[in-house]
Amino acid sequence: MLTGLLRRNYSHLRLHPPKHSNFTTTTATATQPLEATTIVTLVLNSSNPQTLAQSLHSSTIQWTPQLVNAVLKHLWNHGPKALHFFNLLSHHPSYTHHASSFDHAIDISARLRDYRTLWALVSRMRSRRLGPSPKTFAIIAERYAAAGKAHRAVKVFMSMHEYGCFQDLSSFNTILDVLCKSKRVEMAYNLFKALRGRFKADCVSYNIIVNGWCLIKRTPKALEVLKEMVERGLTPNLTTYNIMLKGYFRAGQINEAWDFFLEMKKRNCEIDVVTYTSVIHGLGVAGEIKRARKVFDQMVKQGVLPSVPTYNALIQVLCKKDSVDNALLVFEEMVKMGYVPNSTTYNLVIRGLCHAGEMQRALAFMGRMKDDECEINVQTYNILIRYFCDSGEIEKGLDLFQEMGTGGCLPNLDTYNILIGAMFVRKKSDDLLVAGKLLVEMVDRGFLPRKITFNRVLDGLLLTGNQGFAKEILRLQSRCGRLPSKIKL
C-alpha cells in the first residue's frame with residue numbers, strides 16, 4: 001500500500017506492504033491455530049520466497065482446506081501473492097491441496113487472464129485425481145465470458161469430456177446462465193435451441209433464457225420463450241413468474257409489471273417474499289415511494305414476512321428517491337424487528353449518507369458495522385473513498401485507502417481507478433506522482449489498467465516534468481501490452 005504520511009508528505013512516497021506486528025510461527029499452538037488474516041499479513045509482507053516457504057511449512061500451522069481457502073479469499077485482490085502462496089503450499093511436506101483450493105487458484109488465474117497457469121492447474125488437478133469438476137469448468141467459462149471471450153467459454157463447455165468431466169443438464173444450464181449474465185443472450189439462445197433436445201432442457205433451462213432476455217430489457221422475447229415453454233409441456237413455476245415480473249420493472253414497463261403482479265394474484269399464485277421485493281423495488285425506482293411502502297405493508301398483513309433483501313430494497317429506493325433520514329427509520333425498524341442487517345444494508349445507508357453530504361454520519365455507520373461484527377468489504381471503502389474524493393477531501397480518501405491494507409480488506413480495481421482519477425483534480429505535481437505510484441502498485445497486484453488510464457498518467461507526469469517516472473510507466477505499459485499510439489520522452 002501507499003503508506004507513511006502519503007496524504008501530506010508526497011516527497012517521501014514509497015510503495016511497500018502495510019506495516020503489522022512481526023510474525024513468528026511460535027504464535028500458533030495446537031490449541032490456538034493461526035487465523036487467516038495473520039497468514040495473509042505474513043504473505044503480503046514477505047519478500048523472500050525461501051523464508052516464506054519455511055514459515056508456511058512450519059509444523060505449528062495446522063493447514064486445512066478451510067484455512068487455505070480463507071487465505072486465498074483474503075488475497076483475492078492481490079492475485080500474484082495469492083498464487084505465490086498456493087504454489088509454496090503445494091510443496092508442503094504433509095499437507096496437500098483440496099479440490100476447492102484448486103478451484104480458487106484457477107479462478108484467480110483466470111481473473112488475472114493468466115490462462116497458461118489456469119490450464120496448468122487444471123492438469124495438476126487431473127493428475128492428482130481431484131477433478132476438474134463441473135464447478136471448475138463453470139468458473140473457467142464465467143471468467144472467459146467476463147473477459148469478452150464468450151466463444152471460448154462455449155468451447156470450454158463443449159470440451160469438458162476431454163478432461164474426464166462429462167456434460168449433463170446441470171452443466172448445460174450453467175453455460176446458458178454464464179452467457180446470459182454476460183449479456184450474450186443471443187448466443188445463449190442459439191446454444192439452447194441447438195442442444196435442448198440432447199440435454200432434455202427443463203424448467204430451469206427455460207427460466208435462465210427468460211431471465212437473459214429480461215436482463216437486456218427484451219421482455220417480448222422473454223414472453224416468446226415463456227410461451228414456447230408451455231407449448232413443450234413444461235409448467236412455469238413461481239421463479240418463472242418472478243423473473244418476468246422483475247424483467248418488466250427493469251425495462252421500465254411499470255404498468256405492465258403491475259398488471260402482471262395483479263394477474264399473479266388473480267390466478268392464486270403462491271406469491272412469495274421475492275415477488276413482493278421485486279414490486280417494492282420496482283415501484284420505488286420509478287419514484288412511486290408511497291405505493292412501494294403500501295405494498296410492503298400489504299405483504300406483512302397477508303402473512304408474508306419480509307426478508308433482509310426486502311428491507312434492503314426499501315432502504316435503497318428511499319435513499320435514491322426520498323430521503324436518507326426515512327431510510328434510516330426503516331433501518332432502525334428492521335433492527336427492532338429482530339433482523340440482522342448485512343453488509344449490503346450498511347453499504348446502502350452509507351452511500352445514502354454520503355450522497356446527502358453526511359460524511360461523518362457515514363463514517364459513524366462504518367464504525368457501527370464493526371461493532372455489529374458485520375464484514376466491512378471493499379464496496380464499503382470504495383463508497384467512502386469516492387465521496388471523499390468527489391468532495392475535495394482527497395487526504396481522507398487516502399487515509400481510508402491506507403487503512404484497507406491493515407484491516408484485511410485489500411483494494412480492488414475500482415479503488416485504484418477512483419484514487420488515480422482524484423489525483424488529477426488539483427493538477428499538482430505531487431498528486432501526479434501519487435497517481436503514478438498507484439498505477440505501479442495496481443499492476444503489481446494483478447490488475448490491468450485501461451489504456452486511457454496509462455496515457456492519462458503518462459501525460460500528467462510529462463507535463464509536470466517527471467520524465468524519469470514517465471519512462472518507468474511507459475515500460476510498465478509495454479509489459480502490459482497497452483502501448484500508446486504516440487509518445488515522446
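Counting from 1, the numbers follow the sequence of the chain as shown.
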Smallest separation among heavy atoms of [X] and [Y], with atom names:
{"X": "C409", "Y": "V378", "value": "SG-N, 3.3 Å"}
{"X": "A327", "Y": "C319", "value": "CB-SG, 3.5 Å"}
{"X": "L353", "Y": "V324", "value": "N-CG2, 3.7 Å"}
{"X": "I243", "Y": "N211", "value": "CG2-CA, 3.5 Å"}
{"X": "G79", "Y": "R111", "value": "N-NH2, 3.6 Å"}
{"X": "V308", "Y": "M334", "value": "CG1-CE, 3.7 Å"}

Does the side chain of [X] reach to within under 4.5 Å of the side chain of [Y], using non-hydrogen atoms?
{"X": "F388", "Y": "L400", "answer": "yes"}
{"X": "H98", "Y": "L130", "answer": "no"}
{"X": "Y416", "Y": "T453", "answer": "no"}
{"X": "L410", "Y": "W76", "answer": "no"}
{"X": "V457", "Y": "L438", "answer": "no"}
{"X": "V440", "Y": "F469", "answer": "yes"}
{"X": "L112", "Y": "I108", "answer": "yes"}
{"X": "N417", "Y": "L413", "answer": "yes"}

Problem set entry | Results of ring pair (Phe, Tyr, Trp, His ring centres under 6.0 Å) for F86 - residues two or more places apart only |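 Only H97, F102 meet the ring pair (Phe, Tyr, Trp, His ring centres under 6.0 Å) criterion with F86.
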Problem set entry | Residues which pass ring pair (Phe, Tyr, Trp, His ring centres under 6.0 Å) with H74, listed by chain and number, not counting sequence neighbours |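 Here no residue qualifies.
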Exercise. Between T38 and T41, is a side-chain hydrogen bond (donor to acceptor under 3.5 Å, both in side chains) present by the stated rule, with each step listed?
Worked result: CA-CA 5 Å; T38 308; T41 300; over 6 Å; no
[X] side chain to [Y] backbone, donor-acceptor under 3.5 Å:
{"X": "S391", "Y": "Y387", "answer": "yes"}
{"X": "D372", "Y": "C374", "answer": "no"}
{"X": "Q167", "Y": "F157", "answer": "yes"}
{"X": "W63", "Y": "H92", "answer": "no"}
{"X": "S182", "Y": "L179", "answer": "yes"}

For this session: Determine, stepwise, if the pair R218 / E186 fulfils side-chain contact (heavy atoms from CB on, under 4.5 Å).
Result: CA-CA 11 Å; R218 292 181 64 180; E186 287 275 7; 3.5 Å; yes
Please determine whether the number of non-hydrogen atoms from other residues, nucleotides or ligands lying under 6.0 Å from atom [atom1] of [X] exceeds 12.
{"X": "R386", "atom1": "CZ", "result": "no"}
{"X": "E332", "atom1": "CD", "result": "yes"}
{"X": "E162", "atom1": "CD", "result": "yes"}

Exercise. After noting the C-alpha distance and the side-chain angles of E35 and L67, does the key distance pass the side-chain contact (heavy atoms from CB on, under 4.5 Å) rule?
Worked result: CA-CA 8 Å; E35 292 185 0; L67 177 59; over 6 Å; no
For this session: Please name all residues satisfying side chain to side chain donor-acceptor pair (under 3.5 Å) with N69, sequence neighbours left out, ordered by chain then number.
Result: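 Result, side chain to side chain donor-acceptor pair (under 3.5 Å) vs N69: S100, S101.
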Exercise. In chain order, what residues pass the side chain to side chain donor-acceptor pair (under 3.5 Å) check against H151, with sequence neighbours excluded?
Worked result: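 Counting only residues at least two positions away or on another chain, H151 forms no side chain to side chain donor-acceptor pair (under 3.5 Å).
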Exercise. For the residue pair W213 and F192, is the inter-centroid distance of their aromatic rings smaller than 6.0 Å?
Worked result: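 When the ring centroids of W213 and F192 are compared, they turn out to be at least 6.0 Å apart.
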We want to know whether [X] and [Y] form a side-chain donor-acceptor pair, criterion being a heavy-atom distance below 3.5 angstrom.
{"X": "N173", "Y": "S170", "answer": "no"}
{"X": "T345", "Y": "N312", "answer": "yes"}
{"X": "S90", "Y": "R124", "answer": "yes"}
{"X": "S171", "Y": "T174", "answer": "no"}
{"X": "S307", "Y": "T310", "answer": "yes"}
{"X": "N326", "Y": "S323", "answer": "yes"}

Problem set entry | For E393, salt bridge (charged side-chain N to carboxylate O under 4.0 Å, His left out) partners two or more places apart |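 Residues passing salt bridge (charged side-chain N to carboxylate O under 4.0 Å, His left out) with E393: K396.
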Are [X] and [Y] ion-paired here, with the side-chain N under 4.0 Å from a carboxylate O?
{"X": "K81", "Y": "D444", "answer": "no"}
{"X": "K370", "Y": "E403", "answer": "yes"}
{"X": "D177", "Y": "K181", "answer": "yes"}
{"X": "E142", "Y": "R184", "answer": "no"}

Exercise. Which of these passes ring-ring contact (aromatic ring centres under 6.0 Å, His included) with Y311: Y339, Y346, F331?
Worked result: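 Of the listed options, the one satisfying the test is Y339.
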Rounded distance (nearest 0.5 Å) linking atom [atom1] of [X] with atom [atom2] of [Y]:
{"X": "N466", "Y": "K471", "atom1": "CG", "atom2": "NZ", "answer": "12.5 Å"}
{"X": "K428", "Y": "T464", "atom1": "NZ", "atom2": "OG1", "answer": "13.5 Å"}
{"X": "L474", "Y": "Q467", "atom1": "CG", "atom2": "CD", "answer": "12.5 Å"}
{"X": "C389", "Y": "I394", "atom1": "SG", "atom2": "CD1", "answer": "5.5 Å"}
{"X": "N455", "Y": "D459", "atom1": "CG", "atom2": "CG", "answer": "6.5 Å"}
{"X": "L176", "Y": "M187", "atom1": "CG", "atom2": "CE", "answer": "12.0 Å"}

Exercise. Please walk me through it: do N347 and T380 pass side-chain hydrogen bond (donor to acceptor under 3.5 Å, both in side chains)?
Worked result: CA-CA 6 Å; N347 287 346; T380 317; 2.7 Å; yes
Problem set entry | Worked verdict on E375 versus N342 for side-chain contact (heavy atoms from CB on, under 4.5 Å) | CA-CA 8 Å; E375 182 185 2; N342 58 22; over 6 Å; no
For this session: Report the C-alpha distance between F137 and I175 in whole Å, list the side-chain angles of each, state the deciding distance to 0.1 Å, and finish with yes or no for side-chain contact (heavy atoms from CB on, under 4.5 Å).
Result: CA-CA 9 Å; F137 286 104; I175 188 63; over 6 Å; no
For this session: May I ask you to check if R445 and F447 form a cation-pi contact, with NZ or CZ under 6.0 angstrom from the six-membered ring centre and within 45° of the axis?
Result: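 Negative - R445 is either too far from the ring of F447 or too far off its axis.
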Exercise. Which residue pairs pass the ring-ring contact (aromatic ring centres under 6.0 Å, His included) test with at least one member in residues 107-131, sequence neighbours excluded?
Worked result: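 For residues 107-131: Y115-Y144, W119-Y163.
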For this session: For D107 and K73, run salt bridge (charged side-chain N to carboxylate O under 4.0 Å, His left out): C-alpha distance rounded to whole Å, both residues' side-chain angles, the deciding distance at 0.1 Å, then the answer.
Result: CA-CA 11 Å; D107 200 6; K73 286 176 183 177; over 6 Å; no
